[in-house]
Amino acid sequence: MVTTAQITEEVSYLEAISQALDEEMARDERVFLMGEDIGTYGGAFKITEGFLQKYGEWRVLDTPLAESGFVGAAIGAAMMGLRPVVEMQFADFISCAFDQITEVAAKNHYRWGAAVPMVIRAPFGGGVHGGPFHSECPEGWFFHSPGLKLVAPSTPYDAKGLLKAAIRDPNPVIYFEHKFLYRRIKSALPKEDFIVPLGKADVKRVGNDISVITYGAMVHLALDAAQALTKEGIDLEVVDLRTLIPLDKETIYSSVRKTSKVILLHEDNKTGGIGAEIAALLAEDCFDCLDGPIVRIAPPDTPVPFSPPLEEFFLPKASDIVSAARKLAAY
Amino acid sequence: MVTTAQITEEVSYLEAISQALDEEMARDERVFLMGEDIGTYGGAFKITEGFLQKYGEWRVLDTPLAESGFVGAAIGAAMMGLRPVVEMQFADFISCAFDQITEVAAKNHYRWGAAVPMVIRAPFGGGVHGGPFHSECPEGWFFHSPGLKLVAPSTPYDAKGLLKAAIRDPNPVIYFEHKFLYRRIKSALPKEDFIVPLGKADVKRVGNDISVITYGAMVHLALDAAQALTKEGIDLEVVDLRTLIPLDKETIYSSVRKTSKVILLHEDNKTGGIGAEIAALLAEDCFDCLDGPIVRIAPPDTPVPFSPPLEEFFLPKASDIVSAARKLAAY
Amino acid sequence: MDVAAIAKEIKREDMLQMYHYLRLTRALEDRVTALYRQGRIVGGVYTSHGMEAIAVGYASALERDDVIAPYHRDMGAFLIRGFTTGEILAQYLGKRTGPTKGKDGNVHMGDLRRGVFGFVSHLADNLPVAAGAALAFKMRGESRVVFTGTGDGGSSRGDFHEAMNFAAVRKLPVVFFCNNNQYAYSTPLRLQMAIPNVVDRAKAYGIPGEIVDGNDVAAVYLAAKRAIAIAREGKGPTFLEFKTMRMHGHSEHDPAKYVPRELLEDWKKKDPILKAERLLGELGYGEESYFQRVAERVKSEVEAGVEFAEQSPLPEGPEMLEGVFADGADSY
Amino acid sequence: MDVAAIAKEIKREDMLQMYHYLRLTRALEDRVTALYRQGRIVGGVYTSHGMEAIAVGYASALERDDVIAPYHRDMGAFLIRGFTTGEILAQYLGKRTGPTKGKDGNVHMGDLRRGVFGFVSHLADNLPVAAGAALAFKMRGESRVVFTGTGDGGSSRGDFHEAMNFAAVRKLPVVFFCNNNQYAYSTPLRLQMAIPNVVDRAKAYGIPGEIVDGNDVAAVYLAAKRAIAIAREGKGPTFLEFKTMRMHGHSEHDPAKYVPRELLEDWKKKDPILKAERLLGELGYGEESYFQRVAERVKSEVEAGVEFAEQSPLPEGPEMLEGVFADGADSY
Ligand SMILES: Cc1ncc(C[n+]2csc(CCOP(=O)(O)OP(=O)(O)O)c2C)c(N)n1
Ligand SMILES: Cc1ncc(C[n+]2csc(CCOP(=O)(O)OP(=O)(O)O)c2C)c(N)n1
Ligand SMILES: [Mg+2]
Ligand SMILES: [Mg+2]
């Protein structure tokens with residue numbers, strides 16, 4: 001994936017996000033940050049640590065506790081030519097700004113032609129024992145809200161490149177960054193400026209038997225399962241969507257045309273999740289090339305429970321993929 | 001569908017809703033109404049006309065213009081033993097109460113065991129030249145929010161029976177009533193008390209060739225298309241979901257097992273709509289009985305446009321169903 | 001306020017221009033209402049009838065590169081920003097030549113190039129957005145101001161609170177107003193709030209507030225000027241409560257039987273056009289014959305608009321697919 | 001307030017019981033913090049350290065069938081409503097014996113049978129819910145009252161506004177409080193609001209407001225009593241601002257370097273337990289040896305809780321599937 005000669009030392013997913021923000025702020029003075037505790041404190045996850053000192057309190061704006069208010073303000077600032085990047089302290093609190101996002105930001109350009117170039121960063125996902133209000137995957141709601149672009153990186157490289165692309169995009173983009181990955185994965189990044197274009201999925205592992213289509217933290221689960229299955233001679237292809245809207249149908253379809261079998265994997269609740277849409281697309285557009293049922297692996301339709309055994313049961317596991325793959329392979 | 005001997009005169013969809021509210025309020029003094037302009041004015045659509053006089057201003061509560069506030073208040077009242085029925089003036093404004101609905105009402109019982117028996121009435125849907133903010137179909141968002149039940153009747157009988165069932169249910173229920181149907185369809189209703197149980201779909205037309213699975217105003221479109229197709233010898237079965245959550249998989253599956261071909265039809269935007277979920281369920285659970293691609297008919301991913309030719313283009317048409325059915329029949 | 005003071009503080013041409021826009025607003029909206037009664041309008045119609053002085057007054061007080069995030073009875077603001085009667089009527093008829101090309105209807109129009117934000121139905125949603133525009137001006141050190149508002153009804157919404165508070169904390173150059181026309185649809189003030197004046201809400205944010213006669217275009221203009229000056233000097237937001245009365249139904253389909261007739265009779269005497277004419281007379285700027293000439297001028301402006309709108313084409317169905325995403329971003 | 005007046009207005013046994021709960025809250029939370037440092041707590045820990053007098057004071061002022069919709073630093077309220085130290089510690093350890101059976105963590109517990117609403121993370125979300133409970137009481141003609149609140153931070157949210165306004169319009173029997181502990185996470189008051197006191201927000205709703213020393217349990221109790229009485233008499237909501245200081249970090253992982261040390265030193269002298277002991281001494285209700293006995297009693301109560309919690313089983317994975325929907329509805 002990294003094709004350049006100049007490589008930095010290993011950078012975590014969290015640092016990659018931080019770098020992207022820093023570089024975009026340095027590159028473009030229109031870029032500024034808003035959110036709760038992002039200034040003095042450097043953000044709940046310390047992504048903007050040191051930014052206040054570097055960019056001052058008008059480009060690193062600590063807001064009152066009012067998600068609808070500051071998302072709305074970002075919309076206005078965006079229309080006036082700025083490039084706001086708003087932080088939700090946890091993705092879960094995005095529900096408080098839902099109306100501004102879906103009714104104002106998403107519909108503005110369609111209704112009266114004014115673009116809203118802004119990014120909402122939403123630290124999402126479970127596995128950190130955050131319970132029902134600090135573990136949510138809210139992407140499904142916004143997947144069904146025309147006018148928004150949605151991004152969900154799984155690696156430091158994608159995290160950095162997609163955030164830069166999101167900031168440069170003239171549309172409202174929600175950037176789902178997975179809390180579980182923040183400090184758990186690292187990789188070396190190119191030294192020079194790069195972006196990962198919105199709308200392009202990435203085949204994280206090439207394989208011939210079954211396509212696992214996924215995004216976010218689940219990509220790593222799929223790779224683990226793929227690894228485990230090699231000894232059984234089952235060869236998984238792992239497609240990382242990276243961008244959820246616009247969806248890269250081409251990459252999805254060409255993978256499925258090759259393998260003829262599909263597992264859709266996500267961490268968001270099953271019913272009405274993004275897997276449903278991909279299943280529907282495949283069942284309509286690739287019906288003839290399917291050699292088995294389209295399998296979804298996703299949590300049940302409940303809030304994210306708190307206690308470790310409950311959360312573990314809730315979240316998809318590599319073993320779920322392994323057994324689904326075995327069944328599909330035998331189909 | 002109506003199996004009783006005692007039949008009233010013809011009642012419109014709107015009157016059926018009104019009757020359900022009236023009868024439930026008379027039957028159970030815990031039932032009360034909240035919303036904007038539902039009292040003196042009788043509601044934007046006049047559904048509660050005369051209720052203020054009959055039940056007084058504490059059971060027909062005109063609220064300040066504050067959807068989050070009064071939905072939250074309904075939650076509290078419900079927990080204290082009342083049975084609030086809240087009216088959104090238009091379903092579109094439900095975005096303002098999104099946080100209370102998804103984070104408080106939906107998760108309350110799961111998190112700490114307190115039931116929230118309340119109903120939110122949401123007049124939804126297009127075809128009335130309401131434009132982007134008075135035509136929305138917001139059910140897709142809530143379809144992906146565990147803890148809510150969702151209902152969307154297509155006939156006066158279902159409208160009345162489902163609303164009564166919703167009011168008697170111990171969970172938060174969003175009742176999507178289609179504005180386009182209010183005064184356009186009528187039928188005779190049983191005189192005695194009846195409910196339509198939540199969670200049961202209804203086959204509105206029995207057919208052998210293709211299952212059209214739909215709900216709300218689109219049911220009538222499907223019936224029109226079915227009618228048109230009889231002369232071509234294509235026999236549509238029209239399944240009216242009626243309840244969106246919990247979904248009646250049994251009825252869906254048994255219809256599709258019979259016909260082997262499916263059209264999923266809805267008025268909500270295509271991507272991430274309820275059709276996607278049903279396609280995914282079928283592609284997993286009924287894969288072997290499918291004799292053709294699963295076809296979705298739904299509006300493109302845009303807001304609902306205002307001007308008549310634009311809105312007409314946006315909305316599904318009977319002719320879309322006819323041509324999709326022809327193709328599927330020939331498959 | 002006495003006439004001499006007004007003569008000193010408002011230029012003659014500004015007074016006359018405001019009178020022109022009062023008449024133009026009235027004529028345009030009356031024509032829209034007539035078209036509505038004939039069934040020729042697509043969708044609903046919300047007018048500023050009897051409240052025209054508010055938008056005309058505040059929009060006249062702004063500079064050209066200030067921004068307006070209007071509320072739903074601010075027709076005068078569109079006219080002053082150069083939306084033609086033709087464009088506006090095309091909007092009501094769902095024509096391609098309307099500012100939203102048929103994508104949206106009635107007062108849901110906006111244009112970044114003319115510094116007017118599209119109105120969002122969800123009341124008070126545009127208040128945080130307006131605060132954000134003001135934030136941009138402040139961050140860039142521009143001396144521009146944003147003017148925005150909502151109705152008495154809209155002041156109950158959370159976004160009102162969040163916007164006012166944020167603007168106050170950051171001393172943003174934005175002026176908030178409330179068109180207090182006594183009703184939110186059918187809901188009287190007593191069921192909306194337990195305070196005598198909407199301006200009491202300003203105290204929650206530590207920003208100055210003022211009650212203004214919303215039917216007096218000169219008073220609106222001067223109050224707006226003061227608030228705008230405060231904002232432009234970097235001293236932060238002001239809240240203006242314009243007292244007025246909704247003289248028509250909530251929208252044109254609503255006979256508003258819930259409004260006591262006497263109340264309407266009372267307020268009819270305070271009609272903003274009558275008031276303005278009285279003032280113009282006292283100022284010696286014009287009398288009956290002048291008013292007649294203006295009436296004729298605006299009438300022909302409106303009729304030209306009707307002709308334009310009626311002759312304009314409807315959009316073609318597939319145009320509805322365009323514009324969900326932007327390719328690039330203009331700004332104002 | 002002088003000691004004689006307090007002696008008259010607060011019963012001895014109530015004073016002593018409040019002291020007990022202050023100590024119990026402190027001991028329990030200190031123990032939770034210690035467990036957190038040992039890595040034995042699941043998830044985050046938010047304490048009321050140094051602010052215990054607020055929940056202890058108001059919860060003591062309520063009658064048994066009044067309802068509490070607590071904010072996230074109201075441990076005393078749970079204890080007073082009969083949540084045992086064992087249950088609470090089980091909650092922190094994610095055990096099946098906690099009030100949420102492991103479904104949720106830390107202060108996110110509630111129990112309808114004990115009249116305590118589950119806390120919702122989304123700050124201020126419970127304020128409209130509390131107003132709705134009060135609405136139910138008013139509609140049924142019951143003389144019950146709801147007590148709810150939020151932090152200084154939470155007062156910026158729209159739901160705060162919508163709840164207070166609705167409660168004021170309908171004169172609902174609810175008391176709103178603000179725990180003003182000077183910070184919302186790291187954000188100082190000056191970046192949250194442009195008013196000197198959070199109580200100024202009450203003016204926007206036309207409801208009475210009062211500033212109360214939040215570290216003085218007697219003051220909290222008496223102010224709560226007054227507000228509760230007003231509510232019970234049908235005279236509507238009151239807003240109480242409890243001035244206090246967050247003495248720990250936002251949560252136990254936060255060293256709170258952004259808080260000036262002197263500020264903490266100052267407030268340490270105003271510790272609510274110290275204050276209460278001084279008062280008890282002045283009232284002649286108790287002195288050092290009594291305080292020691294209470295300290296020992298609560299310590300053993302906490303240790304019994306630790307033992308219970310640690311010996312309790314974790315839930316089994318599939319239990320997470322239960323309870324999304326209710327089969328029937330209890331109410332309180
Ligand atoms: C959030 C929201 N809820 C409901 C509505 C429906 N609605 C449109 S206008 C209106 C009344 C508005 O009253 P007010 O703010 O006083 O303005 P007015 O129409 O009186 O000028 C209502 C309830 C809306 N547009 N937005
Ligand atoms: C709507 C919402 N946004 C953000 C958060 C994250 N958060 C949790 S507590 C907190 C600060 C709360 O401050 P305050 O209300 O003053 O209460 P305190 O913790 O100081 O007692 C924040 C930002 C949240 N819980 N809810
Ligand atoms: Mg009004
Ligand atoms: Mg605080």
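Because only heavy atoms are used, hydrogens play no part in the values below, and waters and symmetry mates are left out as well, while side chains stay in.
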**OP:** Just jot down the ring-ring contact (aromatic ring centres under 6.0 Å, His included) partners of B/Phe194, sequence neighbours excluded, or say none.
**Re:**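 B/Phe194 satisfies ring-ring contact (aromatic ring centres under 6.0 Å, His included) with B/Tyr157 only.
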Subject >> Close contacts, residues 26-44 of chain B versus chain D, judged by heavy atoms under 4.5 Å >> reply: B/Phe32, B/Met34
**OP:** Could you please state which residues from residues 162-176 of chain B sit under 4.5 angstrom from chain D, measuring non-hydrogen atom to non-hydrogen atom, sorted by number, or 'none'?
**Re:** B/Pro170, B/Asn171
Closest approach of [X] and [Y], non-hydrogen atoms and distance?
| X | Y | answer |
| --- | --- | --- |
| B/His109 | D/Gly323 | ND1-O, 2.8 Å |
| B/Gly69 | D/Glu162 | N-OE1, 2.6 Å |
| B/Trp58 | D/Leu172 | CZ3-CD2, 4.3 Å |
| D/Phe166 | B/Pro64 | CD1-CD, 3.6 Å |
| D/Asp125 | B/Glu103 | OD2-CB, 4.5 Å |

Checking [X] against chain B: side chain, backbone, both or neither under 4.5 Å from a heavy atom?
| X | value |
| --- | --- |
| D/Lys138 | side chain |
| D/Val146 | neither |
| D/Phe119 | backbone |
| D/Val174 | neither |
| D/His108 | both |
| D/Phe137 | side chain |

Subject >> Step-by-step side-chain contact (heavy atoms from CB on, under 4.5 Å) determination, D/His122 to B/Val104 >> reply: CA-CA 9 Å; D/His122 300 61; B/Val104 190; over 6 Å; no
**OP:** Spell out, as yes or no, whether a donor-acceptor pair under 3.5 Å connects the side chain of B/Tyr110 to the backbone of D/Met320.
**Re:** yes
**OP:** Check for a donor-acceptor pair, side chain of B/Arg111 on one end and backbone N or O of D/Met109 on the other, with a separation under 3.5 Å.
**Re:** no
**OP:** Carefully, step by step, assess B/Met80 and D/Leu135 under the rule side-chain contact (heavy atoms from CB on, under 4.5 Å).
**Re:** CA-CA 9 Å; B/Met80 290 301 98; D/Leu135 176 67; over 6 Å; no
I'd like to know which of [options] tops the heavy-atom pair count under 4.5 Å against chain B.
| options | value |
| --- | --- |
| D/Met164, D/Met139, D/Arg144 | D/Met139 |
| D/Ala136, D/Gly328, D/Ala326 | D/Ala326 |
| D/Ser331, D/Pro128, D/Ala329 | D/Pro128 |

**OP:** Quick one: list whatever passes salt bridge (Lys or Arg N to Asp or Glu O under 4.0 Å) with D/Glu63, sequence neighbours left out.
**Re:** none
May I ask you to check whether over 12 heavy atoms, not counting those of [X], lie within 6.0 Å of atom [atom1]?
| X | atom1 | value |
| --- | --- | --- |
| D/Lys235 | NZ | no |
| D/Lys101 | NZ | no |
| B/Glu250 | CD | no |

**OP:** Can you tell which part of B/Lys107 gets under 4.5 Å to a heavy atom of chain D, answering side chain, backbone, both or neither?
**Re:**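 Neither part, no heavy atoms under 4.5 Å.
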**OP:** Please state whether the side chain, the backbone, both or neither of B/Leu148 comes within less than 4.5 Å of a heavy atom of chain D.
**Re:** backbone
Original post:
Between B/Ile75, B/Val116, B/Leu65, B/Leu61, which residue shows the highest count of heavy-atom pairs closer than 4.5 Å to chain D?
Top reply: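 Among the listed options, the one with the most contacts to chain D is B/Leu61.
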Subject >> Interface residue of largest heavy-atom contact number with chain D, from B/Ala74, B/Ala105, B/Ala77, B/Ala115, under 4.5 Å >> reply: B/Ala77
**OP:** Using the side-chain contact (heavy atoms from CB on, under 4.5 Å) rule, take D/Leu112 and B/Trp112 through it: C-alpha gap first, then chi angles, then the decisive distance, then the call.
**Re:** CA-CA 9 Å; D/Leu112 220 45; B/Trp112 61 282; 3.9 Å; yes
Original post:
So how far is it from D/Arg157 CZ to B/Ser68 OG, rounded to the nearest 0.5 Å?
Top reply: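 One gets 6.5 Å once the value is rounded to the nearest 0.5 Å.
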Original post:
If you measure from OG1 on B/Thr63 to CZ on D/Arg170, what distance do you get to the nearest 0.5 Å?
Top reply: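 Nearest 0.5 Å value for the OG1-CZ distance: 8.5 Å.
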Original post:
Are B/Met79 and D/Asp330 close enough, and set up right, to give a side-chain contact (heavy atoms from CB on, under 4.5 Å), and what steps lead you there?
Top reply: CA-CA 8 Å; B/Met79 286 197 288; D/Asp330 289 340; over 6 Å; no
